[in-house]
2 protein chains.
Amino acid sequence: MTAPDIDPLSKRRLKMWIRLLGVARAAESSLREYLRVEHGTTLPRFDVMAALYRRRDGATMSELSRMLLVSNGNATAVVDRLEKDGLVRRTASETDRRTVYVALTPEGLRQFERLAADHEREINALFSDLSEQDVEQVTALLKRMGKGDKA
Amino acid sequence: MTAPDIDPLSKRRLKMWIRLLGVARAAESSLREYLRVEHGTTLPRFDVMAALYRRRDGATMSELSRMLLVSNGNATAVVDRLEKDGLVRRTASETDRRTVYVALTPEGLRQFERLAADHEREINALFSDLSEQDVEQVTALLKRMGKGDKA
DNA sequence: TTCGAATATTTTGAACTTGAAATATTAAAA
DNA sequence: TTTTAATATTTCAAGTTCAAAATATTCGAA
């Protein structure tokens with residue numbers, strides 16, 4: 001039904017995207033299940049904690065949602081739940097009363113470190129078919145894909 | 001002579017995954033916004049319609065959720081809304097009263113064909129930095145990654 | 001045939017996600 | 001100074017997502 005394609009590359013890019021999405025979703029599914037069954041937590045919670053682990057001194061809500069590519073409201077909701085569970089702490093900024101800093105609590109830090117090792121093992125198993133060269137190649141190509149980000 | 005490998009393959013696979021997830025999420029964000037602004041629809045709706053387009057004769061709910069890697073309940077909800085909007089039709093199976101077939105209505109088909117062309121253009125633009133060789137390489141590598149799917 | 005396992009779908013409750021609107025605050029401009 | 005624009009976060013409503021439970025039905029085995 002669609003008109004004959006003058007630019008077959010376009011179709012190939014589409015196929016590539018569909019495959020990329022498929023791989024990402026399948027791996028996410030696996031991870032989600034792993035986190036739920038083995039650690040009683042969820043991927044969004046893990047993502048927030050991982051971001052806060054990288055920013056040990058704390059990050060603002062805005063930084064957090066930018067790092068994770070999620071909306072502000074979303075970040076607020078997940079942080080609310082983590083805070084209620086004592087894994088994360090909000091601190092008001094001294095210099096700008098609009099700003100809130102979020103950081104892992106000691107308990108949050110302990111829990112995340114337990115999670116992180118298992119998470120890496122799980123990822124490693126999921127992609128165990130790829131050789132070192134494959135991994136480097138994919139990483140390099142993905143790096144180039146991420147460059148033109150305007151959003 | 002060479003430095004000891006302080007960055008084993010496991011860590012590289014993890015980095016690759018983080019980058020893969022980043023690229024996928026950024027592209028999904030773009031698509032989501034595009035579908036919302038230009039077509040007043042959402043990615044899940046598009047995904048369902050795309051699956052039904054590939055299965056023009058209709059698919060069961062189970063097939064649908066398997067194709068899209070989403071839960072049954074999720075598929076039910078999205079199909080409910082599409083049905084309410086007249087884009088999709090449920091039909092009871094003659095031979096198995098448990099089974100329901102879902103298919104695009106003529107209006108759903110028309111709308112999807114309008115969407116699909118634009119969607120392809122959008123994807124093509126998102127990954128315009130990649131040469132044909134790049135695209136083939138990524139596709140091939142992703143194909144290998146998807147092999148070990150046990151879920 | 002009847003019972004129990006397996007299959008197909010929907011329902012349910014909670015968490016997640018979004019975009020937009022509402023608040024509060026800061027910074028800049030007139 | 002006063003007003004306006006920009007920034008940071010939360011709240012809100014609607015939609016998405018999940019896993020588990022509930023229904024309904026089919027199928028296989030005793």
Side-chain angles (χ1 to χ4, degrees), chain A residues 21 24-26 28-49 58-85 87-88 90-102 151, chain B residues 24-26 28-49 51 58-85 87-88 90-102 151:
Chain A
L21 198 53
R25 284 184 178 170
E28 268 190 304
S29 265
S30 273
L31 278 184
R32 221 179 282 279
E33 163 145 8
Y34 183 77
L35 288 173
R36 180 175 53 84
V37 172
E38 300 296 327
H39 295 281
T41 188
T42 66
L43 198 48
R45 289 168 72 106
F46 178 83
D47 287 343
V48 166
M49 293 178 82
T60 69
M61 292 300 294
S62 297
E63 288 170 337
L64 204 50
S65 55
R66 236 175 298 132
M67 279 194 265
L68 301 175
L69 300 179
V70 301
S71 68
N72 285 349
N74 186 358
T76 295
V78 179
V79 166
D80 280 351
R81 280 183 285 270
L82 287 173
E83 191 176 34
K84 196 154 53 108
D85 293 345
L87 301 169
V88 137
R90 278 182 169 96
T91 315
S93 162
E94 301 284 334
T95 59
D96 185 337
R97 278 191 292 179
R98 293 168 301 179
T99 301
V100 179
Y101 291 103
V102 196
Chain B
R25 284 183 179 171
E28 268 191 303
S29 262
S30 273
L31 277 184
R32 219 180 284 279
E33 162 143 7
Y34 183 76
L35 288 173
R36 180 176 53 85
V37 172
E38 299 296 327
H39 294 282
T41 188
T42 66
L43 199 48
R45 289 169 71 106
F46 178 84
D47 287 343
V48 167
M49 294 178 81
T60 68
M61 293 299 293
S62 296
E63 288 170 337
L64 205 50
S65 56
R66 236 175 299 131
M67 280 195 264
L68 301 175
L69 300 180
V70 300
S71 68
N72 284 350
N74 186 358
T76 295
V78 178
V79 167
D80 280 351
R81 279 184 285 271
L82 287 174
E83 192 177 33
K84 197 154 51 108
D85 293 347
L87 300 170
V88 137
R90 276 183 170 98
T91 314
S93 162
E94 301 284 336
T95 58
D96 185 336
R97 278 190 291 180
R98 293 168 302 178
T99 301
V100 179
Y101 290 103
V102 196

Asks: Taking any heavy-atom pair under 4.0 Å as a contact, classify Leu68(A): base, sugar-phosphate, or nothing.
Replies: nothing

Asks: Which nucleotide wins on minimum distance to the side chain of Arg36(B), given the candidates dC16(C), dA20(C), dT17(D)?
Replies: dA20(C)

Asks: At under 4.0 Å between heavy atoms, which parts of nucleotides 7-13 of chain C does protein reach? Answer with one letter per nucleotide, 5' to 3': B base, S sugar-phosphate only, - none.
Replies: BSBBB--

Asks: If you compare all heavy atoms of Met61(B) against all heavy atoms of Val102(B), which two are closest, and at what distance to 0.1 Å?
Replies: SD-CG2, 3.4 Å

Asks: Rounded to whole angstroms, how far apart are CG on Leu69(A) and C1' on dC16(C)?
Replies: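 After rounding, the gap between these two atoms is 16 Å.
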
Asks: From CG of Asp47(A) over to P of dT17(D), roughly how many Å is that when rounded to an integer?
Replies: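 For the pair Asp47(A) CG and dT17(D) P, the rounded distance is 16 Å.
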
Asks: Check whether any side-chain N or O of Asp96(B) sits under 3.5 Å from a backbone N or O of Arg98(B) as a donor-acceptor pair, and report yes or no.
Replies: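 Judged by distance alone, yes, a pair lies under 3.5 Å.
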
Asks: Side chains of Arg81(B) and Leu87(B): closer than 4.5 Å at any heavy-atom pair?
Replies: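 No - every pair of side-chain heavy atoms lies 4.5 Å or more apart.
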
Asks: Please report the shortest heavy-atom distance between Ala51(B) and Leu68(B), naming the atom on each side.
Replies: CB-CD2, 4.0 Å

Asks: Report yes if some heavy atom in the side chain of Arg45(B) is under 4.5 Å from a heavy atom in the side chain of Asp85(B); otherwise report no.
Replies: yes

Asks: What pairs of residues pass the salt bridge (charged side-chain N to carboxylate O under 4.0 Å, His left out) test when at least one of them lies in residues 63-76 of chain A, not counting sequence neighbours?
Replies: Arg55(A)-Glu63(A)

Asks: If the cut-off is 4.0 Å, is Arg81(B) near the phosphate of dT16(D), judged by side-chain N/O to OP1 or OP2?
Replies: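 So the side-chain polar atoms of Arg81(B) do come within 4.0 Å of the phosphate oxygens OP1 or OP2 of dT16(D), strictly under.
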
Asks: Rounded to the nearest Å, what distance is computed from the OH atom of residue Tyr34(B) to the P atom of nucleotide dG19(C)?
Replies: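 Spelled out: OH on Tyr34(B) to P on dG19(C) is 17 Å.
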
Asks: Rounded to the nearest 0.5 Å, what separates atom OG in Ser29(A) from atom CG in Leu43(A)?
Replies: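 So the OG of Ser29(A) and the CG of Leu43(A) are separated by 10.0 Å.
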
Asks: Given that Thr42(B) and Arg97(B) both sit by DNA chain D, which one's nearest nucleotide is further toward the 5' end?
Replies: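 Per heavy-atom nearest nucleotide, the more 5' residue is Thr42(B).
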
Asks: Measure the distance from CD on Glu28(A) to P on dT17(D) and round it to the nearest whole Å.
Replies: 11 Å

Asks: How many whole angstroms separate atom CG of Leu43(B) from atom P of dT16(D)?
Replies: 10 Å

Asks: In whole Å, I'd like the distance from the CD atom of Glu83(A) to the P atom of dT9(D).
Replies: 13 Å

Asks: Would you mind reading off the distance between Arg32(B) atom CZ and dC16(C) atom C1', rounded to a whole angstrom?
Replies: 11 Å

Asks: For a quick check of understanding: with a heavy-atom distance under 4.0 Å over all strands, which category does Arg45(A) fall into, base, sugar-phosphate or nothing?
Replies: sugar-phosphate

Asks: What integer distance in Å separates Leu35(A):CG from dC16(C):P?
Replies: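 After rounding, the gap between these two atoms is 12 Å.
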
